[in-house]
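Convention: sequence-line order gives letters A, B, ...; per-chain numbering from 1.
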Amino acid sequence: MDSKYNLIGNSKLNISKFKIKPKPTPILFNKKNGPSSPKKIRLNDESGKAVYPNNSNNKSKISIQEQRTKLPVYDKKNKLLDLIKRHNTLIILGETGTRLQNNGRIGITQPRRVAAVSVAMRVAQEYGNGETVGDTVGYTVRFEDVTSKKTRIKYLTDGMLLREAMFDNLLTEYSVIILDEAHERTIHTDVLFGIVKNAQKVREAKNLTPLKIIIMSATMDVDHFSKYFNNCQAVYLEGRTYPVNVFYTIKPHDDYQTACVATFFKIHREAPANHDVLIFLTGQEEIETVAHQIRLLSKDRDVEGPSVRVCTLYAAQPSSQQMSVFNPAPENMRKVIISTNIAETSVTISGIKYIIDCGMVKARMYHPATGLELLKVQRISQEQAWQRTGRAGRDSEGSCYRLYTRSQFEMMQKSTVPEIQRANLSSVALQLLALEIHALYFDFMDKPPEDAILAAFEQLKLLGAIENTETSTLTSLGNQMVKFPLDPRFSKVLLSAQSYGCLEEVLTIVSLLSVESILLNPPNKREHVQNVRQKFCSPFGDHITLLNIYREFSNVRQNSRSWCHEHCVNMRNILQARDVRSQLEEICRKCGITISSCGSQMDQVRKCLLTGLFMNVAELHRDRQYITVIIITLYLGMWTKDKLFQYIQAQFCMDSSPIMFYLLKLFRPQSAI
DNA sequence: GATTTGTGA
């Protein structure tokens, strides 16, 4: 188990013969005796978890039975089953599918939709008997429920199980809950920890069918998990991966972009053409500039080595471009993929021999005092570093170049701060209140900061979901808000819409605001974008502009793909908005809310938006900066938030008010109210 | 004067 990463390799590099602008510092790497093992124990069969179809095609043609016997877990199957039978809560380190004879369903959660769906398909296939997904083995994710009365093993996203828990906090449908990928510590998994733990306890006390809990994780920090689950038993499953040589730089390099380029060409000169390289950077802009530099330099006559295919990979990209990273390069060509942390867990690419890790990541932070979220580039954790390293050792031996020193590595945090400790908690607080739990007293594995919880309650109070911040019960408005799979601010806007007579419009706008941006802004087509969008622009603000775009999109009868292309609209995201919209519409209908349109009376829409989004109101200052009114008043220390709210409402109703109406998700704030 | 890591209901 300790020999997963061997440390071998040559530390002498010489890259000075390459011309790189700005003038490159030679990047020297050290071979150091790092930790002999990373923080991960994984079984290496993930063929069922391929994120994209291309990836699953390289599944070999051997039978399921043969594949099964080759799994590292195979020999330990009986021992494992025995342990599961004997313990009510169990932590499994490693990765496995499971089957268990019992009454009631087995629920297995995954952080991502694709994983839930593809693992369910694989397990259904394993089950045999000519069954298909939806029979004994099924899955439930948003927009898609492929289960039946027969279904005994149900895969679902962690967010989905959380939603189910809100209507049945004892999870009576299930006799076993398996929380997979628990080490990822998504907000949803973290809340589920407390909910399943409580359900197990209450079911036992009430003499109901016992609930078995299995936590599957790839982290070594078992003690933390075990302690939380009343010192339960933990099992290690040994994995199988190939050794990866790890190198550190001799001295620190602040300019990691240049260091990336230099290191790439060092590898490029030495390695055979079919050895692919994966580079981790923090964001779109960085990726595009490094890609540009590598493209230019690789065409330079003085540069030795095969020709290069440069692929970029980040979530905002259109999916057609994303797919291209899976196409193998021709025989005599090297493929280099430059990616954000999307390639860390969500997208798995085979054939990677080399990793270049810049050691940084862009992370979302939440500032409770102002209620604003921001993205900040910061050092990765050691766990993350090992995760990146591991992307090389999947098919064969590989190497990882870390663009930081050994001692910088040791200074890094051991593990990533769980999301729940750095997020806006208003949604979580609302969901817990639906279970009559006050978030301040919830049994978190890692408690979020108290001021973040209080800020969430403050927000819920301003929205009218609760009467005071100490309460554990919701108002009737709050109870309605819980029904929508949305940020509480958006739920509030939807529920106000009826009285403004504009639900038709608001359904669209809220859907567009709750998905990733539908607007693509390719840097080389800036003028085209401006021209083609002109006709959608509304003097009433960006929300109305978005509404106009959506309306035209839904009027396009044929070939919406080319329409999207022509108008630089992200097809994937606008289709997702359409799905969200119909889901929300359905929920409204079930609540008996009538859907009416305000025609061209856009001030109705804007007033309605304000009922939930008033915290984002900002003033435009002379230096063209937007400053939220909340920040201004907090800074001046004059007003309470209640007073602020009244002020904004009063201002809004006047005609020539100086207040700007501005949201975080807007592409170009332009509208004066 | 300029733009956004990644998930999820």
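- Separation of the A:H567 and A:F553 ring centroids does not fall under the 6.0 Å cut-off.
- Summarising the geometry, the separation between CG on A:L192 and C1' on B:dT7 is reported as 14 Å, rounded to the nearest angstrom.
- Taking atom CD of residue A:Q576 and atom P of nucleotide B:dG6, one finds them 14 Å apart after rounding to whole Å.
- Picking from B:dA9, B:dT5, B:dG6 the nucleotide with the shortest atom distance to the side chain of A:R142 gives B:dA9.
- The CD1 atom of A:I587 sits 13 Å away from the P atom of B:dA9 (whole-angstrom rounding).
- Regarding A:F280, its CZ atom lies at a distance of 12 Å from the C1' atom of B:dG6, rounded to whole Å.
- If you check the side chains of A:D487 and A:S427, you find no donor sitting under 3.5 Å from an acceptor.
- Evaluation of the salt bridge (Lys or Arg N to Asp or Glu O under 4.0 Å) test over residues 188-197 of chain A, restricted to residues two or more places apart or in two chains, returns A:R185-A:D190, A:K197-A:D443.
- Relative to the side chain of A:P485, the nucleotides B:dT5, B:dA9, B:dT4 differ in distance, and B:dA9 lies closest.
- At the heavy-atom level, A:F484 lies nowhere under 4.0 Å from the strands shown.
- With hydrogens and angles left out, the side chain of A:E184 and the base of B:dG8 share no donor-acceptor pair within 3.5 Å.
- With sequence neighbours excluded, the residues forming a side-chain contact (heavy atoms from CB on, under 4.5 Å) with A:T475 are A:E467, A:L477, listed by chain and number.
- Residues from residues 420-428 of chain A lying near DNA chain B, meaning a heavy-atom separation below 4.0 Å, are absent.
- Of the two residues near DNA chain B, A:V361 and A:Q583, the one whose nearest nucleotide lies more 5' is A:V361.
- A:D487 comes within 4.0 angstrom of a nucleotide base, judged by non-hydrogen atoms across all strands.
- Residues A:Y139 and A:Q110 have side chains that never bring a donor and an acceptor to within less than 3.5 angstrom of each other.
- Across the interface with DNA chain B, nearest-nucleotide mapping of A:A363 and A:R113 shows A:A363 to be the residue nearer the 5′ end.
- Atom CZ of A:R185 and atom C1' of B:dG6 are 17 Å apart (whole Å).
- In this structure, a donor-acceptor pair under 3.5 Å is present between the side chains of A:R581 and A:T508.
- Among the atoms of the strands shown, base atoms are found under 4.0 Å from some heavy atom of A:L486.
- Rounded to a whole Å, the NZ atom of A:K362 is 7 Å from the C1' atom of B:dT5.
- Computed from coordinates, the A:E527 CD to B:dA2 P distance equals 18 Å when rounded to whole Å.
- Phosphate contact (OP1/OP2 of B:dT3, side-chain N/O of A:S517, threshold under 4.0 Å): absent.
- Within the structure, a side-chain polar atom (N or O) of A:T340 is placed less than 4.0 Å from OP1 or OP2 of B:dG6.
- Contact check for A:I420 versus A:L425: side-chain heavy atoms found under the 4.5 Å cut-off.
- Across all strands shown, A:R112 has heavy atoms under 4.0 Å from sugar-phosphate atoms exclusively, and none from any base.
- Between the P atom of B:dA9 and the CE atom of A:M481 lies a distance of 20 Å, rounded to the nearest Å.
- The side chain of A:T157 lies closest to B:dA9, out of B:dA9, B:dG6, B:dT4.
- In this structure, the separation between CG on A:L156 and OG1 on A:T147 is 9.5 Å, given to the nearest 0.5 Å.
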